[in-house]
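Every chain is numbered from 1, with letters handed out A, B, ... down the list of sequences. Nothing here was measured: the structure is a model prediction, and the numbers come from that model.
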Amino acid sequence: MSRYDAPSIEARWQAEWDKAGSFRAKADPEKPKYYVLEMFPYPSGRIHMGHVRNYTMGDVVARQKRATGHAVLHPMGWDAFGLPAENAAMASGGHPKDWTYQNIADMRGQMKPLGFSIDWSREFATCDPDYYGQQQALFLDMLDAGLVTRRAAVVNWDPVEMTVLANEQVVDGKGWRSGADVERRELTQWFFKISDMAGDLLDALEGLDDWPAKVKLMQANWIGRSRGLEMSFPLVEPAEGFDAIPVYTTRPDTLLGASFVAVSPDHPLAKALAAHRPEVAAYCEEARKGGTTEEAIETAEKTGLDTGLRVRHPLDASWELPVWIANFILMDYGTGAIFGCPAHDQRDLDFARKYALPVVSTFVPVEGEHARPEEGADAFVPQKTEPVRYVKLFAGEEEQSSEQGVEAAIAFAEAQGWGKGVTRYRLRDWLLSRQRYWGCPIPIVHCAECGAVPVPRDQLPVRLPEDVSFDRPGNPLDRHPSWSRVPCPSCGGEARRETDTMDTFVDSSWYYARFTAPHAVTPTEMDEAAYWMNVDQYIGGIEHAILHLLYSRFFARAMVQTGHLPASAREPFDALFTQGMVTHEIYQTRDENGRPVYHFPEEVEGGRLKSSGEAVEIVPSAKMSKSKKNVVDPVHIVATYGADTARWFVLSDSPPERDVEWTAAGAEAAYKHLSRVWRLAQEAAEATGDAKPDADAALERALHKCIHEVTQGVESFGFNAAIAKLYAFTNLLAKSEAGPEAKRRAARVLAQLMAPMTPHLSEELWARLGGEGLCAEAAWPKADPAMLIEESVTLPIQVNGKRRGEIQVARDTAVKEIERLALEAVARSLEGAAPKKVIVVPGRIVNVVA
RNA sequence: GCCGGUGUGGCGGAAUGGUAGACGCAGCGGAUUCAAAAUCCGCCGAGGCAACCCCUCGUGAAGGUUCGAGUCCUUUCACCGGCACCA
């Protein structure tokens, strides 16, 4: 009997599939189409187990859909622009382009041995001029359609390097290289007007039935529709050309609890004051320190400066409130100004306590006492639907929910004419400008006479210049001696190219559409897009739940609007699956200063370093990362056990939406199991003898059950459950007394059911067990429903919810009879007492209430 | 800080509101072997009991709803993801 020799069979079948063109996506009007897509990788240079898991899941879906008669599109590409290439260029002097294309070649080479059923003829990288040129065309179409705008936005500014920093380059409020305090600084930049579509992007979530509820909830919260009041606080003394401060509030019902008005340090009033009042300028400068992230702003200590200005309360002209500048007010949200009601907002309360501002409750609980914020308790913020008693009331009922109070207050303000109810969104416009080299150039020329002029379409793509240097911080495009100097396309005068490039999220917001016609001379081809879109199944990490998916939904809408996608594709992803990470435990020792020193798994054996025998500390599993060295190289695993083992293992141990822990023992076990299947199949192939009717029938029954369960598991993303069933059936086959023909059939179907996960092994066994043609092209087996019906069932009998016995009954036993048998079975537990009630759940359980 | 998620044996995990621990790993016992590897068979949550009968406890913690809760609700703790320039 031959041994299971993964490397040789894997290479051979990959060549066979290639030769047969099995995975070429071919539009076929006779078949339903199926587009399965995994989020494409960033070309870091090495694939990791997370990639293996992600692409294996997609491959299982692709292979099973092919087997069930679909025309399948399963492409692969590279999300190839981005910061790491520039960082690499700075660190080692190469060029981002060379680094990126070399990484792509390396990763493709590591990926192909895994045997994914990908149509490689559609491969592209987002840094290909073919791709980003089409992206520039899309940008210009979106500009024409009014979906693009230009205005000031805040960036992280490193005052030492004189450069813009990415959020990840800001560490504890300081630049990662210079260590200087980062400032928030304004630049004029390009935006996509995604906020115009906020309402639609929110409402359309409801139609995404095959998206995880948690992702839809995260997106809904991110978009953040709110109903509120826009109103103004008149200044007692007009100042800096302002006679009032407009604010937006979602809690107008608490207006009688207002104790101050606060504006953002970036508010026009704050800027005007700063121009001639040094203490204001100093405060605003201080308040602008730190990064731009919401997290940095929210967790920074709340500070403020009393401007000395006073505003009048709109409900009582004699009531004056102070105007503060506060660091936690965002200029991007609402009007950049708020009124503070400390009794009903914890942040306002902290601020009021710090600066000794009044705290006045406007409502209290209907029943009982809530500790009073006035007397040192926390702010009272009940659920919006919970009724409360208003003690300071100006609109609506004394007893009403906050929700009702807000509506009443809006109606009251509108009737009196000092305010207006508005619906606002938290979602901001999408800032797409990046002051970086390795991205898609924004196809605009700036002319002193004509302003921002689009590059004519026949001059696209605007290519990145290759003669750039990375020896200094900042954007090489900006300091390139000639690249940006061009004549104005409009007047022919001297002009300057836009030197900003696009956010890399733009690249990944339409690649799924490009895969339908990857070589087209327009962004898409309508026929191809109409055939293949939408993506039937999209698979990727939960970390993309908000930004990437929201931007893609926006882009699909924009592409419909600009005629690049059919209207049916405005929601591009029919079904979404978010898979978990691959984790591994961490091995560390300590250096003389007690700092951890990490070690790769292959350097450790039996809890000790192979080299020195020193014991290692084992830190619980975390996401595989190079810095912690808790990584397992898929290339190494494939070389040791074969691709099928790696694929089988990443699917077997955890539900796909959860993290899976890679363990050496688990990988070994997966390999042993595949070897066992190999042996059993060989035994079946070589078996001789007579049929054994009873055992044959029993095996056939079990096989149909297995087909049913595995199909269901694969189609519902229960890959680990499907694999558990395959284990169970393998155990059963091993013990079966069935005759040779029945065993051969069982082994052949088993191989086929495993094929989505272990395609090479399955292909080899298929051939050896007499399967016709390629297993990869064979029709998926069907379970006979008649074979799935059990004739008798075991019913557990509970007494007061605790299991006390069980009975065997025929499938169609009458309820009365089941009751009688159940009481008989648990008579001892009842100790003669008469049951109060008997609950029979047919086919499941009986509960006797004593 | 805000938004979302997760928590079950020694370990990974299974379980339409219906027998908690499927399946796998590790462990233990046995078969095979000159011996080992490989393979095959059996046991395997904790505690109690003469007993593989049975009883008690047990799904991060505390309460609640229900005939019945790992599953639903409230509170709470820990960890993970996101927070708009990492991708």
The nucleotide from B/rC85, B/rA87, B/rG5 with an atom nearest the side chain of A/Lys214 is B/rG5

With a non-hydrogen cut-off below 4.0 angstrom, is A/Ala545 in contact with a base, only sugar-phosphate, or nothing? nothing

Looking for any heavy atom pair under 4.0 Å, which part of the strands does A/Ser433 touch: base, sugar-phosphate only, or nothing? base

Across the strands shown, which category fits A/Trp222 at heavy-atom distances under 4.0 angstrom: base, sugar-phosphate, nothing? base

What pairs meet the side chain to side chain donor-acceptor pair (under 3.5 Å) rule with one or both residues in residues 664-674 of chain A, with sequence neighbours excluded? A/Tyr641-A/Glu668

Annotated protein contacts, base or backbone, on nucleotides 12-22 of chain B with a non-hydrogen cut-off under 4.0 Å, one of B, S, - each: SSS-B-BB--B

Want to settle it: does A/Glu168 or A/Ile542 sit nearer the 5' end of RNA chain B, counting the closest nucleotide to each? A/Ile542

Taking any heavy-atom pair under 4.0 Å as a contact, classify A/Lys836: base, sugar-phosphate, or nothing. nothing

Side chain of A/Arg428: nearest nucleotide among B/rA87, B/rG1, B/rA84? B/rA84

From C-beta outward on A/Gln189, which listed nucleotide comes closest to its side chain: B/rG1, B/rA87, B/rC85? B/rC85

Starting the side chain at C-beta, find the nucleotide from B/rG4, B/rC85, B/rG1 nearest to A/Thr299. B/rG1

Between B/rC85, B/rG82, B/rA84, which nucleotide has the shortest distance from any of its atoms to the side chain of A/Ile546? B/rG82

Nearest of B/rA84, B/rG81, B/rG42 to any side-chain atom of A/Glu294? B/rA84

Taking any heavy-atom pair under 4.0 Å as a contact, classify A/Val848: base, sugar-phosphate, or nothing. nothing

Residue pair A/Asn800/A/Arg804 against RNA chain B: nearer the 5' end by closest nucleotide is A/Arg804

Please work out if A/Arg436 contacts a base, only the sugar-phosphate, or nothing of the nucleic acid, heavy-atom cut-off 4.0 Å. base

Could you tell me how far B/rC53 sits from B/rG21 if I compare only their P atoms? Round to whole Å. 15 Å

What's A/Val164 touching, base or sugar-phosphate or nothing? Going by heavy atoms closer than 4.0 Å. base

Spell out yes or no: do the side chain of A/Gln169 and the base of B/rC86 have one donor N/O and one acceptor N/O closer than 3.5 Å? no

